[in-house]
Amino acid sequence: MLKSVEIRRSEESYKENLERAREAVQLSAEVRDTFKLQKALSVPEQKKLARIEKLARSIRNDAGGGEDDTTLADPPASLATALERLAQMCEEFRKKVEKTPRHVVSAAVITSANQLIEITRLIKTLGG
């Protein structure tokens with residue numbers, strides 16, 4: 001009975017992570033598209049960036065990862081390119097989360113989550 005509860009809990013956690021990854025993709029696309037129209041990051045977009053960072057942290061922690069001083073290879077210089085890259089990274093992240101079985105600790109997912117966190121921080125500094 002305890003085993004079935006543990007399996008159910010693991011499945012629920014996996015489904016939550018899938019939903020988090022999908023939400024991150026949606027939010028990153030919204031931020032990118034809004035920036036294309038307004039040419040600035042408003043308060044709602046800043047909140048969406050914070051939410052993306054929180055989602056990535058949550059997935060990383062569930063995957064067994066911790067704080068990491070990840071630096072981006074070839075960081076984008078402009079806000080527009082950073083937002084494009086964020087949207088691409090979120091989509092790649094979602095695919096990695098979906099491909100990873102629930103009972104596997106994935107270094108790729110942890111690394112991707114750390115990179116997402118780093119790019120959201122970069123965007124916050126570029127966007128002011």
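The figures here come from the full heavy-atom set of this structure, side chains too, leaving out hydrogens, waters and symmetry mates.
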Next item on the list: State plainly whether one hydrophobic cluster holds both L41 and L116, where clusters connect Ile, Leu, Val, Met, Phe, Trp and Tyr through side-chain heavy atoms under 4.5 angstrom apart.
Entry: yes

Checklist line | Y14 side chain vs R9 backbone, donor-acceptor pair below 3.5 Å | finding: no

Margin query: Under the rule for salt bridge (Lys or Arg N to Asp or Glu O under 4.0 Å), what residues qualify as partners of K96, not counting sequence neighbours?
Written below: none

Checklist line | Exercise: identify the closest heavy-atom pair between S13 and D62 | finding: OG-OD2, 3.8 Å

Check: Where do Q88 and E84 land on the side chain to side chain donor-acceptor pair (under 3.5 Å) test, with the steps shown first?
Finding: CA-CA 6 Å; Q88 291 170 353; E84 280 295 329; 4.8 Å; no

Notebook entry, point to check: Does L55 belong to the same Ile/Leu/Val/Met/Phe/Trp/Tyr cluster as V25, with side-chain heavy atoms less than 4.5 Å apart forming each link?
Noted result: no

Notebook entry, point to check: Which distance, rounded to the nearest 0.5 Å, do you find between the CZ of R60 and the CZ of R20?
Noted result: 12.5 Å

Checklist line | Closest non-hydrogen atom pair, F93 against V109 | finding: CE1-O, 3.5 Å

Next item on the list: Please test K15 against E11 for salt bridge (Lys or Arg N to Asp or Glu O under 4.0 Å), starting from the C-alpha separation and ending with a verdict.
Entry: CA-CA 6 Å; K15 288 178 185 177; E11 288 173 352; 5.6 Å; no

Check: Just how far is it from atom OG of S42 to atom NZ of K47, taken to the nearest 0.5 Å?
Finding: 10.0 Å

Margin query: R51: which residues meet the side chain to side chain donor-acceptor pair (under 3.5 Å) condition with it, sequence neighbours left out?
Written below: E23

Item checked: Heavy-atom closest contact (A21 atom, I59 atom, distance) -> N-CD1, 3.7 Å

Next item on the list: Search all heavy atoms of A63 against all heavy atoms of I110 and return the closest pair with its distance.
Entry: O-CD1, 3.6 Å

Next item on the list: Verify side-chain contact (heavy atoms from CB on, under 4.5 Å) between M89 and I119, making sure each step is shown before the conclusion.
Entry: CA-CA 9 Å; M89 289 173 72; I119 198 163; 3.8 Å; yes

Item checked: Between CZ on residue F35 and CD1 on residue I123, distance to nearest 0.5 Å -> 10.0 Å

Next item on the list: Find the distance between CG (D33) and CD (E30) and round it off to the nearest 0.5 Å.
Entry: 8.0 Å

Check: Of the non-hydrogen atoms in L72 and Q115, which two are nearest, and what is the gap between them?
Finding: CD2-O, 3.8 Å

Check: Taking all non-hydrogen atoms of both residues, which atom of C90 and which atom of I52 are closest, and how far apart?
Finding: SG-CG2, 4.2 Å

Check: Is a donor on one side and an acceptor on the other found under 3.5 Å between the side chain of S28 and the backbone of A24?
Finding: yes

Check: Hey, is NZ on K99 packed in by over 12 heavy atoms from elsewhere, all under 6.0 Å?
Finding: no

Notebook entry, point to check: Hey, does the side chain of T111 reach the backbone of A108 with a donor-acceptor pair shorter than 3.5 angstrom?
Noted result: no

Note to self: Quick check on the hydrophobic clustering: are L126 and I117 connected, directly or via other members, by side-chain heavy-atom contacts under 4.5 Å?
What the structure shows: no

Note to self: Can you tell whether the side chains of R22 and E19 come within less than 4.0 Å, N to carboxylate O?
What the structure shows: yes

Check: Can you tell me how far CG of L86 sits from CG of L122, rounded to the nearest 0.5 angstrom?
Finding: 10.0 Å

Item checked: Cationic N near anionic O, under 4.0 Å, R57 to E53 -> yes

Check: So which pairs with a foot in residues 72-82 pass salt bridge (charged side-chain N to carboxylate O under 4.0 Å, His left out), sequence neighbours left out?
Finding: none

